[in-house]
Number of protein chains: 2
Amino acid sequence: MFSKSCEYAIKAMIFVAQKSDSDSKVGLKEIAEGTDTPVPFMAKIMQELSKKKLVHSSKGPNGGFYMNKKNLKTSIADIVLATDGDGIYSKCVLGLKNCNEKTPCPVHHEYKDIKKKFIAMLEKNTITDFNEKLMTKKFFLKNEEN
Amino acid sequence: MFSKSCEYAIKAMIFVAQKSDSDSKVGLKEIAEGTDTPVPFMAKIMQELSKKKLVHSSKGPNGGFYMNKKNLKTSIADIVLATDGDGIYSKCVLGLKNCNEKTPCPVHHEYKDIKKKFIAMLEKNTITDFNEKLMTKKFFLKNEEN
DNA sequence: TTATAAAAAGATATTTTTATCTTTTTTTTT
DNA sequence: AAAAAAAAAGATAAAAATATCTTTTTATAA
């Protein structure tokens, strides 16, 4: 569905939102550790997210990654767009080049409704929602045993 | 969404279904030409589909690929399973390892319904349906201009 | 103001996917 | 039986995604 980079980015965003606040930032290693992803690869991903302003960072001692209020409103769709591009919005499910409303692929109209709901889901769910869910229910960012 | 191999496989299956019948088979080159895919790559894909019995083939002069009645009932889901594996059935949308009914990811329950409809779509639509659709409406396997 | 801690940036390596090329086997026709 | 046509199989290459390593820049704290 999504690329590894994108999956890691989603996990990282959730992790940073949970662990950081205005004064305490989260270091790269901690993020990688907490999400079971390779450190140098996570570094690249955090650089990208930082460049695109989905998270903020500060260098130097006690530096690290953190989020402002706007960042906490980031949706999954935002993260997917930033890492994988707008394929889910624009591309034909079957990969047909000329598929559109006028010349639809065989499943175009049937998929339209599903796609709409799927995108709505990605746009509706924000990092904050996840934090709230974490309080009550459980889910895991690490590949640990349940 | 799906891999290139899978997209090409779907196109090839539709093409063979349209162009072949009991006596006349379709050659590899014709399939590649008709679906805008590189010949040697399509060769690989047809070998796989043939090995997995989604199409049949015969060697020698006037040989080529063709479908029996059972093949015409192949669904998109069958093609996806054969080429990309069962990821769409088994994997978490967000890529979380421990996501399941008991310890769901933040969108697990919300995605469940979408996933169900999506899979139903893939399973419902068969190659035959597409042939029928082709008679009335238009869609393109080639990247030609509309 | 110097040392240090941390991210940013850049360069390199590995793996997977996609694509291509060559040889072999099978089948049909002559 | 020989030639030819076609897919099957195997080997190789290119591109993209994933992963790693090294150097540079920045900011803090001693």
Side-chain angles (χ1 to χ4, degrees), chain A residues 1-13 15-16 19-20 23-33 35-67 71 80 82-85 87 95 143, chain B residues 1-13 15-16 19-20 23-33 35-67 71 80 82-85 87 95 143:
Chain A
M1 181 70 80
F2 305 128
S3 70
K4 278 260 166 70
S5 298
C6 181
E7 291 179 1
Y8 291 171
I10 294 170
K11 292 210 259 182
M13 290 288 285
F15 188 83
V16 173
K19 298 278 173 168
S20 77
D23 4 70
S24 83
K25 289 145 197 161
V26 203
L28 172 66
K29 268 176 237 163
E30 202 186 337
I31 299 172
E33 216 295 300
T35 56
D36 263 320
T37 57
V39 178
F41 195 29
M42 183 51 84
K44 277 291 166 209
I45 290 165
M46 294 313 294
Q47 275 171 37
E48 274 301 301
L49 294 177
S50 180
K51 203 181 279 176
K52 287 176 179 166
K53 304 275 173 62
L54 299 191
V55 291
H56 286 89
S57 69
S58 68
K59 294 181 174 182
N62 297 319
F65 298 91
Y66 62 96
M67 286 184 172
N71 293 148
V80 173
T83 52
D84 286 357
N143 300 333
Chain B
M1 180 71 81
F2 305 129
S3 70
K4 277 261 165 70
S5 298
C6 182
E7 290 180 1
Y8 290 172
I10 293 170
K11 293 209 258 181
M13 289 289 285
F15 188 84
V16 173
K19 297 279 173 167
S20 77
D23 6 69
S24 84
K25 289 144 199 163
V26 203
L28 172 66
K29 267 177 241 165
E30 202 186 337
I31 299 172
E33 217 294 300
T35 56
D36 264 318
T37 57
V39 177
F41 195 30
M42 183 52 85
K44 278 289 167 215
I45 290 164
M46 294 313 294
Q47 275 170 37
E48 274 302 300
L49 294 176
S50 179
K51 204 182 276 176
K52 287 176 178 164
K53 303 278 172 63
L54 299 191
V55 292
H56 286 88
S57 70
S58 69
K59 294 181 175 183
N62 298 319
F65 298 90
Y66 61 97
M67 287 185 172
N71 293 147
V80 172
T83 52
D84 286 356
N143 299 334

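All values below come from the heavy atoms of this structure, side chains included, with hydrogens, waters and symmetry mates left out. Proteins come first, then strands; the chains are lettered A, B, ... in the order of their sequence lines, and each starts at number 1. In this text the structure is predicted, and so the values were computed from the model without any measurement.
In this structure, the side chains of K25(B) and S58(B) come closer than 4.5 Å at one or more pairs of heavy atoms. Using a 4.5 Å heavy-atom cutoff, the side chains of M67(B) and H56(B) are not in contact.
In this structure, the side chain of K19(A) does not engage the main chain of V26(A) through any donor-acceptor pair within 3.5 Å.
In this structure, the helix from dT1(C)-dA30(D) to dT30(C)-dA1(D) shows an angle of 10° between the axis at its start and the axis at its end, each fitted on 5 base pairs and rounded to 10°.
Of all heavy-atom pairs between A12(B) and I31(B), the closest is CB-CG2, 3.9 Å.
For dA19(D), the OP1/OP2 oxygens have a side-chain nitrogen or oxygen of Y8(A) closer than 4.0 Å.
The one candidate from F41(A), F15(A), F2(A) that meets the ring-ring contact (aromatic ring centres under 6.0 Å, His included) condition with Y8(A) is F41(A).
When heavy atoms are screened at a 4.0 angstrom cut-off, G60(A) is found touching base atoms of the nucleic acid. Across all strands shown, K51(A) has heavy atoms under 4.0 Å from sugar-phosphate atoms exclusively, and none from any base. Here V55(A) lies out of heavy-atom contact (under 4.0 Å) with every strand.
Taken from CD in Q47(B) to NZ in K52(B), the straight-line distance is 12.5 Å, to the nearest 0.5 Å. Note: L49(A) CG to K44(A) NZ = 13.0 Å, rounded to the nearest 0.5 Å.
In summary, contact between chain A and DNA chain C, defined as any nucleotide atom under 4.0 Å from a heavy atom of the protein, begins and ends at dT4(C) to dA11(C) in the 5' to 3' direction.
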